[in-house]
Each structure stands twice: as C-alpha cells, then as structure tokens.
Number of protein chains: 2
Amino acid sequence: MSVPQRTEPREALGGKAEAILAAAERAFLAGGYGAVSMDAIAREAGVSKATVYAHFSDKEELFGAVIAAVSERFGGFSALELDPRDIECSLITIANRFLALIMSPESIAVNRIIIGEVTRFPVLGAVFWEAGPERVRTQIETFLRRAAEIGSLAIDDARLAAEQFVSLVRGEIHLRRLLRLGPEGDAANLAVAAESAVETFLRAFRPAG
Amino acid sequence: MSVPQRTEPREALGGKAEAILAAAERAFLAGGYGAVSMDAIAREAGVSKATVYAHFSDKEELFGAVIAAVSERFGGFSALELDPRDIECSLITIANRFLALIMSPESIAVNRIIIGEVTRFPVLGAVFWEAGPERVRTQIETFLRRAAEIGSLAIDDARLAAEQFVSLVRGEIHLRRLLRLGPEGDAANLAVAAESAVETFLRAFRPAG
DNA sequence: GTCTATAATTGGATAGAC
DNA sequence: GTCTATCCAATTATAGAC
C-alpha cells in the first residue's frame, strides 16, 4: 500500500474522484477495511465500480488515500496563543481541546481502523503517529517549555511532561470510547476529566512555595 | 456472535478441538478477523475445514471462543501482597508488572483485534474491558486505598487516582507499540517509563510535610 | 472518463462417504 | 468425528462499448 505524503486538496480532484474519496472515507471509517467492498463504495459514491478503478489502482491505494487525507485533518491542534502565566486556565483549555479532538467520532473511528489494520498495512502506524499524536504533543511541549521558563511550572524534561500530560488527560475514557463503552457525546464528563487531569498535573509540576 | 462466559479448560476438549482453537488463536491474533480464512485455520490446525465446522458452528463463534479464552488469561494481575509502607518501591513494582502485562506481544495483539473489530462485534468491548482493564484497575485501586489509609499517600478519590496511575504508566509507549512503532522487547525502556510515571505520581500524591 | 457486463478468485459453509 | 469434494455467494478487478 502506498500512502501519499501530501494529498492534493479535494477541490483539485475531479468531481467524481472527490465523491469516491468521500464515500470511501465514510465507508472505511464506519466499517473498517475488510468489511467494506468496492461495490459498496461505488454505490455510495454514485458511480460505477470501473470508475473507481479509473481513479485508484486498487483497494489498497484507495484506502491509503483515505487514511492520508483523514490524518492530515488532525494537524490543526494549536496551543501557541495561550498565556502561560494563567497556567491553570491555559492547561484546562488545552486539555479540553485535546479531549474534544481525540473523542470526536471521526477521531475514534480513525483510531480503530488504524490500530486494527496496522498489522496488514504497517505504513499506517507511522503516517498516523506523525500526523496526529506527535504533532499534538509537540504543541503541548512547546507551551510547557514556555511556562517553565517564566516559572509557572517546575518542569525538568518538557517532552516527558508533555507525554504525561497527554496521558493523564486521555485517561481511561478514550479507551472506553474506543471499545464503545459508555455514551458518545458526554460533554460534561469530558470537562470533568479535563479538570481532574489538570489538577493532578499541577500537583506534580507546580513550583514549590 | 456469542462469547462464552466461562470457557472449558482446553484439556477437556478433544485433541482436534484444542488444536483448532489454538490455531485460530494464533491466526486471529496475528492477522485480525477479516484477513484470516477458515481454510487457513484448518490448515494450521492440521485438520479439514469440515472438522472445524464440526466443532464450531461458524467463523464468528470460533472467533468468540478465541477472544473469551484469551481474555480469561489476563485476569492474573495482583498487587495485594505488596507493602504500602514502602510506597515508592511498591508502586514501581506495580508499574513494572502492569507494563509487562500490557506490552506483551499477546496483549498487544488482543488490543489490536478487539479495538479493530468492536464495530463489527460490539460485545467484544465489554468482555475485554471487564476481563482486563477493569480488573487491573480494581487491584491497583485497592492498593492505593490501603496506602492512603496508613498515610503513605494523600489520596482523596482512590478510583480516580488508580485511573491516573494507570494512564501515567501506560504513557505513550503503549500506543506506539499498538502502532508498531519502536522496538518490541525494549525492557530497559519499560523500566525507565515505569520510574518516570511513579516519580510524577508521587509528586502529585505524596503526603505534604 | 464512464458505463454494463463479466471474468477470476476467494472464502464461508455443506453433502456424502467412511 | 473426520475427510474429500463441492456449492454458492461475495468480491476484486477488468474488457469492451460509448
């Protein structure tokens, strides 16, 4: 399977190709790789199967294109504009953004499919990691470093602290959602989870005195 | 799909049934549900396909039997004999046991397949959660509660603290392993991860003074 | 590029003999 | 229970007309 590193924006593709990619994305994210047939994708896109094959050489390439496109969409996490002086408020904002990102139905679906298919398509792991978790952690790491420099936090290793922050915020709700346990949209619960995580993080990293 | 709640021990099954179940486990854990054919399982078990169907009514039932058997094998986590007075040492022991459990190739394979197939087989999520993460967290929660009672830790909500401990220890290495990033057996790295997590946890929950 | 129709293969499941 | 041989449905992929 080949995963295009930079996908053309969808507008640059022909109308049919765009429709096929969108249909494939919906189908794959909902059903996984193996359970979705090219027939179903063609039907959902409103084209014939031959047209699908005119744009994507085979099922694997189509799948790769979908994963690349979806992964790209998760690069939008930013923490740069937050004020490291108001540390608790900023961390809670970051935690809430992070949770909103990883708990969205789309993100959950992507996680499921990548984890489930990485044995068959080993490339997926790296593609997803670099487009998703790695970028997010870098953003948070940068914020923590700034906070440490001005004395808002007592952090020795900013990279490790960012890892731990992310892990604390993710908590067990993410895995529970991946396993389809518990409700889907529970926004109140997410806010509570974010606050608990930040509280513990601050107990560990707040400057002494 | 039906997931038998208590599986008969394998010795109680006939030799062929045992071989089939073992072969199916190897195949499913290595390749996932969709990518493994009944032909392949029969071949690996050294029997004909008809014999497979004589013991398991269809592919789904065989899969359910595999998942139930594997899940049962993850109930062995215990922290009851550890001494809550030597809190740092005990927590490091727990962290190392936990990491050894969740980072084992078998555990990783089970995680992948359950997360990947939970959309197709919604039962899997609950079966796995209760047999795995839930049991482990309960054990750790009990230990933390004992430690809090004797003043080794300053914990308000033991359940939440256990969640956070588990999340900190799991860190990002677990997801990286799920995605097939990084080396497989890196024991030294696991020990470092365990220590970092415990260090942060203790900074947050060590009694003041 | 796009369609209809079809080839070629795979894979789940079964019939029937022993 | 076990095997060989087979059925049948689904699925990937392509041929050929327009």
Side-chain angles (χ1 to χ4, degrees), chain A residues 1-3 8 10-67 113 116-117 119-121 123-124, chain B residues 1-3 8 10-67 113 116-117 119-121 123-124:
Chain A
M1 188 188 58
S2 83
V3 177
E8 297 296 318
R10 284 202 182 162
E11 292 74 22
L13 298 172
K16 291 279 168 79
E18 186 183 339
I20 293 167
L21 200 54
E25 181 181 317
R26 281 194 300 275
F28 281 138
L29 291 193
Y33 180 79
V36 171
S37 71
M38 295 293 263
D39 273 287
I41 292 172
R43 210 177 316 127
E44 177 140 348
V47 301
S48 78
K49 224 174 4 170
T51 303
V52 175
Y53 281 96
H55 289 271
F56 302 92
S57 69
D58 57 11
K59 188 181 178 184
E60 292 192 8
E61 184 183 310
L62 178 53
F63 185 59
V66 166
I67 296 298
I113 198 169
E117 300 297 342
T119 307
R120 202 183 327 202
F121 306 118
V123 209
L124 294 187
Chain B
M1 188 189 56
S2 82
V3 177
E8 297 296 319
R10 285 200 183 165
E11 292 74 23
L13 297 172
K16 292 280 169 78
E18 189 184 337
I20 293 167
L21 200 53
E25 182 181 317
R26 281 194 300 275
F28 281 138
L29 291 194
Y33 180 80
V36 171
S37 71
M38 294 294 262
D39 274 286
I41 292 172
R43 209 179 316 130
E44 176 139 347
V47 301
S48 76
K49 217 169 20 163
T51 303
V52 175
Y53 280 96
H55 289 271
F56 302 92
S57 68
D58 57 11
K59 189 181 177 185
E60 292 192 8
E61 183 183 310
L62 178 53
F63 185 60
V66 166
I67 295 298
I113 199 169
E117 300 298 341
T119 307
R120 202 183 327 205
F121 305 119
V123 210
L124 293 186

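The chains referred to below are lettered A, B, ... by the order of the sequence lines, with proteins before strands, and numbering in each begins at 1.
Between the CD atom of A/Glu61 and the C1' atom of D/dT12 there is a distance of 15 Å, rounded to whole Å. Whole-Å rounding puts the A/Glu18 CD to C/dG1 P distance at 14 Å. One atom, CD1 of A/Ile41, and another, P of D/dA13, lie 11 Å apart when rounded to the nearest Å. Look at CD1 on B/Ile20: it is 10 Å from P on D/dG1, rounded to the nearest Å. Between the P atom of D/dG1 and the CZ atom of B/Phe56 lies a distance of 11 Å, rounded to the nearest Å.
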Item to check | Base-contact (B) and sugar-phosphate-only (S) positions in nucleotides 11-18 of chain C, heavy-atom cut-off under 4.0 Å, - elsewhere | outcome: SBBBB---
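Proximity of A/Thr51 to the phosphate of C/dT2: no side-chain N or O atom is located under 4.0 Å from OP1 or OP2.
With sequence neighbours excluded, the residues that form a salt bridge (Lys or Arg N to Asp or Glu O under 4.0 Å) with B/Asp39 are B/Lys49. Under the rule for a salt bridge (Lys or Arg N to Asp or Glu O under 4.0 Å), A/Glu60 has no partner lying at least two apart in sequence or in another chain. Partners of A/Lys16 according to the salt bridge (Lys or Arg N to Asp or Glu O under 4.0 Å) rule, which considers only residues two or more places apart in sequence or in another chain, do not exist here. Partners of B/Arg43 under the salt bridge (Lys or Arg N to Asp or Glu O under 4.0 Å) rule, at least two apart in sequence or in another chain, do not exist in this structure. In this structure, B/Tyr53 has no ring pair (Phe, Tyr, Trp, His ring centres under 6.0 Å) partners at least two apart in sequence or on a different chain.
At a threshold of 4.5 Å between non-hydrogen side-chain atoms, the residues B/Phe63 and B/Ile113 count as touching.
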